[in-house]
Amino acid sequence: AGLYVDQESYEQAFPYYQHAFTIAIGRVNTTPELLVKVSGNFCALRQTSNQPEAIFYCKIAVNALQKQRFANKSLPMELQHSFTKRVEDPYLLLNRLLSESTPSRATEAAEVLQALKDAEFRSFTRDQNPSSYQISLTSSEAALNTTLQEAGNRLHAQQSAQDALKKEKGSQAEIDRLDDRISIAKKHLHDAFTAIPARLKDTAQEAAKQFKIDNSQFVRHLASLNAATPAEKNIILAINAEAKNTQITTYFDKQPLQLSLAVGMDTFERLITDMRAGIQAKNDTWRPPAKALYQLLIAPIEAQLAQKKLAPQNITLYLSGRLRNLPLAALLDANDKFLTEKYRLSQYTPGYGLTTGGDWQRNWDINAFGSALGKPSENLLALPGVVGELAAVARTTNTPQGVLPGDIYLGPNFSRKTWGQAVAGRVAENRRRVLHVATHFQLAENFYQSKLLLGDGLTFSAQELTAEQG
């Protein structure tokens, strides 16, 4: 089969892959990697000639990988990440095929990307329980999968029995009888393969009826997060981007929405790099990439919300991977208006946790550090909003409106000594579960030469910080 594929003689390769699939599906419980490889090859072969069939085979491959990843749950997180990176191609291909299909398959596309991102998502949310779910199949896909598995298992059982008889030099009559059964099992499999295009022709229509975004596990998490957010008219915005495509899930006013974009990190990363470089150079070169990113990422979301007549005032963001490097607040719309001027922005962080119900706030306290004066001699401007910011996050005797109980270290009280006591842990009673810092940080080309501005006007280098905290 591989030789035919190398020669681009795909139709000639197909019967050999069918035979390999027959072997693989009968041995899925012992050698799932074989089913992954064969199904992945099938998917690649059919992606241009028969998209529903390609999607089906990719789902078989991905679900076999889901079982493997769940079996790896006891491995260190680094090894789980490494395995996921090594086997991500079927996920990405399936996501692309579903995204390029009809809009009715957008929920499935998002499900695939969320499955791929599961380890990252758990690391980000500090969830120790890996997902074991299988990628959803339409009714026709599920029935076909059952047919192929049953036929494959029958064939595998007959062949195993015949091999055992031959090894034990059993009766020739019994071996011949098994030969007949093997021929029948092979015919059943051949008939099943032949019927695949006809059985999958209505999968897009089935998906539209069968899959609702409301039912996905990820959306239930977003609903929980939204319910725990005190701000009115708040939208939860989750953006998952891969190289060539992006899945966006929004949750607003009990309405989940899905959006697929045919653009990904290959484009975003270049624009983010240019934007950040312009900001650091303190010139206007950051504006064109800021506008481009707005049009690519935010404008489609705004258009979708407007179509639904939804008008959020607050945005809570969940950004995956390298998108967290994006200075989202500084994005510019077509009228040169900053995103942060149009909405109040907050970003979901690991400290919050997706299990937002219950008494999570009771067990959390905070150390809030800040410097409002800046340091003009080093071109670090004053930050007058810091005083109100710390008062909003830390609840003390003087700031009863703060969210979490704790301490505020402002101005001269934000010194190397108080920082060391609170962060490095030299004084246990000063340690808190949450650290909030509002000051200038000068990022140097050599990171260890980067500096944090303290409230007493002195600076603290990253190298000193590392040495201080061991």
In short, salt bridge (charged side-chain N to carboxylate O under 4.0 Å, His left out) pairs touching residues 41-57 with sequence neighbours left out are Glu11-Arg46, Arg46-Glu53

Hits for side chain to side chain donor-acceptor pair (under 3.5 Å) against Thr267, two or more places apart or cross-chain, chain-then-number order -> none

When rounded to the nearest 0.5 Å, the distance separating CZ of Phe56 from CD1 of Ile196 is 6.0 Å

Q: Using a 4.5 Å cut-off on heavy atoms from C-beta on, say whether the side chain of Leu339 contacts that of Leu328.
A: yes

Query - Backbone of Phe338 reached by a side-chain donor or acceptor of Glu341 within 3.5 Å - result: yes

Shortest non-hydrogen pair, Ala290 vs Ala330, comes out as CB-O, 3.9 Å

### Polar side-chain atom of Thr273 near backbone of Glu269 as donor-acceptor pair, under 3.5 Å
yes

Applying ring pair (Phe, Tyr, Trp, His ring centres under 6.0 Å) to Phe193 and not counting sequence neighbours gives Phe21

Q) Would you say the side chain of Asn50 lies within less than 4.5 Å of the side chain of Pro52, judging by non-hydrogen atoms? A) yes

Side-chain (Asn95) to main-chain (Tyr91) donor-acceptor, under 3.5 angstrom: no

Residues passing the side-chain contact (heavy atoms from CB on, under 4.5 Å) test with Lys342, sequence neighbours excluded, are Tyr294, Glu302, Asp333, Lys337

d(Tyr343 OH, Ile298 CD1) to nearest 0.5 Å is 8.0 Å

Can you check whether Leu200 reaches Leu144 side chain to side chain, under 4.5 Å on heavy atoms?
yes

Contacts of Asn335 meeting side chain to side chain donor-acceptor pair (under 3.5 Å) (sequence neighbours excluded), chain-then-number -> none

Within-4.5 Å side-chain heavy-atom neighbours: Leu92 and Leu116
yes

Residues passing the side-chain contact (heavy atoms from CB on, under 4.5 Å) test with Gln159, sequence neighbours excluded, are Leu155, Ile182, Lys186

**Asked** Is the side chain of Asn145 donor-acceptor paired with the backbone N or O of Glu141 at a distance under 3.5 Å, no angle test?
**Response** no

Sorted by chain and number, sequence neighbours left out, side chain to side chain donor-acceptor pair (under 3.5 Å) with Gln172 holds for Asp176

Worksheet item: Counting N and O atoms only, with roles assigned by atom type, does the side chain of Gln295 sit under 3.5 Å from a partner on the main chain of Ala292, one being a donor and the other an acceptor?
Response: no

Closest heavy-atom pair, Glu111 versus Gln134, reported as atoms and distance to 0.1 Å, is OE2-O, 4.0 Å

Taken in chain and number order and not counting sequence neighbours, the residues that satisfy side-chain contact (heavy atoms from CB on, under 4.5 Å) with Asp336 are Arg287, Lys291, Leu332

Minimal heavy-atom distance between Leu35 and Ala64, with the atoms involved, is CD2-CB, 4.4 Å

Would the distance check show the side chain of Thr246 and the main-chain N or O of Val263 forming a donor-acceptor pair, the cut-off being under 3.5 Å?
yes

On a heavy-atom basis, the closest approach of Leu323 and Leu297 is CD2-CD1, 4.4 Å

Residues at least two apart in sequence or cross-chain that pass side-chain contact (heavy atoms from CB on, under 4.5 Å) with Phe441, listed by chain then number, are Leu443, Phe447, Ser450, Leu452

Residues passing the salt bridge (Lys or Arg N to Asp or Glu O under 4.0 Å) test with Lys85, sequence neighbours excluded, are Glu88

Here the salt bridge (charged side-chain N to carboxylate O under 4.0 Å, His left out) pairs for residues 198-207, sequence neighbours left out, are none

Here the gap from Asn41 atom CG to Lys37 atom NZ, rounded to the nearest 0.5 Å, amounts to 5.5 Å

When rounded to the nearest 0.5 Å, the distance separating OG1 of Thr250 from CD1 of Ile235 is 4.5 Å

- Please check if the side chain of Gln162 supplies one atom and the backbone of Ile175 the other of a donor-acceptor pair under 3.5 Å. yes

The side chain to side chain donor-acceptor pair (under 3.5 Å) partners of Glu100 (sequence neighbours excluded) come to Arg96

- Go through the steps for Gln247 and Ser99 under the test side-chain contact (heavy atoms from CB on, under 4.5 Å), then give the verdict. CA-CA 9 Å; Gln247 300 293 333; Ser99 298; 2.9 Å; yes

Checklist entry - Where the side chain of Asn63 meets the backbone of Ile135, is there a donor-acceptor pair that is under 3.5 Å apart? => result yes

Between Leu34 and Ala24 the two heavy atoms that sit nearest each other are CG-CB, 3.6 Å

Quick one: do Asp191 and Lys187 make a salt bridge, cutoff under 4.0 Å?
yes

Here the gap from Leu404 atom CG to Asp365 atom CG, rounded to the nearest 0.5 Å, amounts to 7.5 Å

Nearest heavy-atom approach of Thr138 to Lys59 is N-NZ, 4.3 Å

Review point. Side chain of Glu108, backbone of Leu98: donor and acceptor closer than 3.5 Å?
Key: no

CG (Leu331) and CH2 (Trp286) are apart, to the nearest 0.5 Å, by 9.0 Å

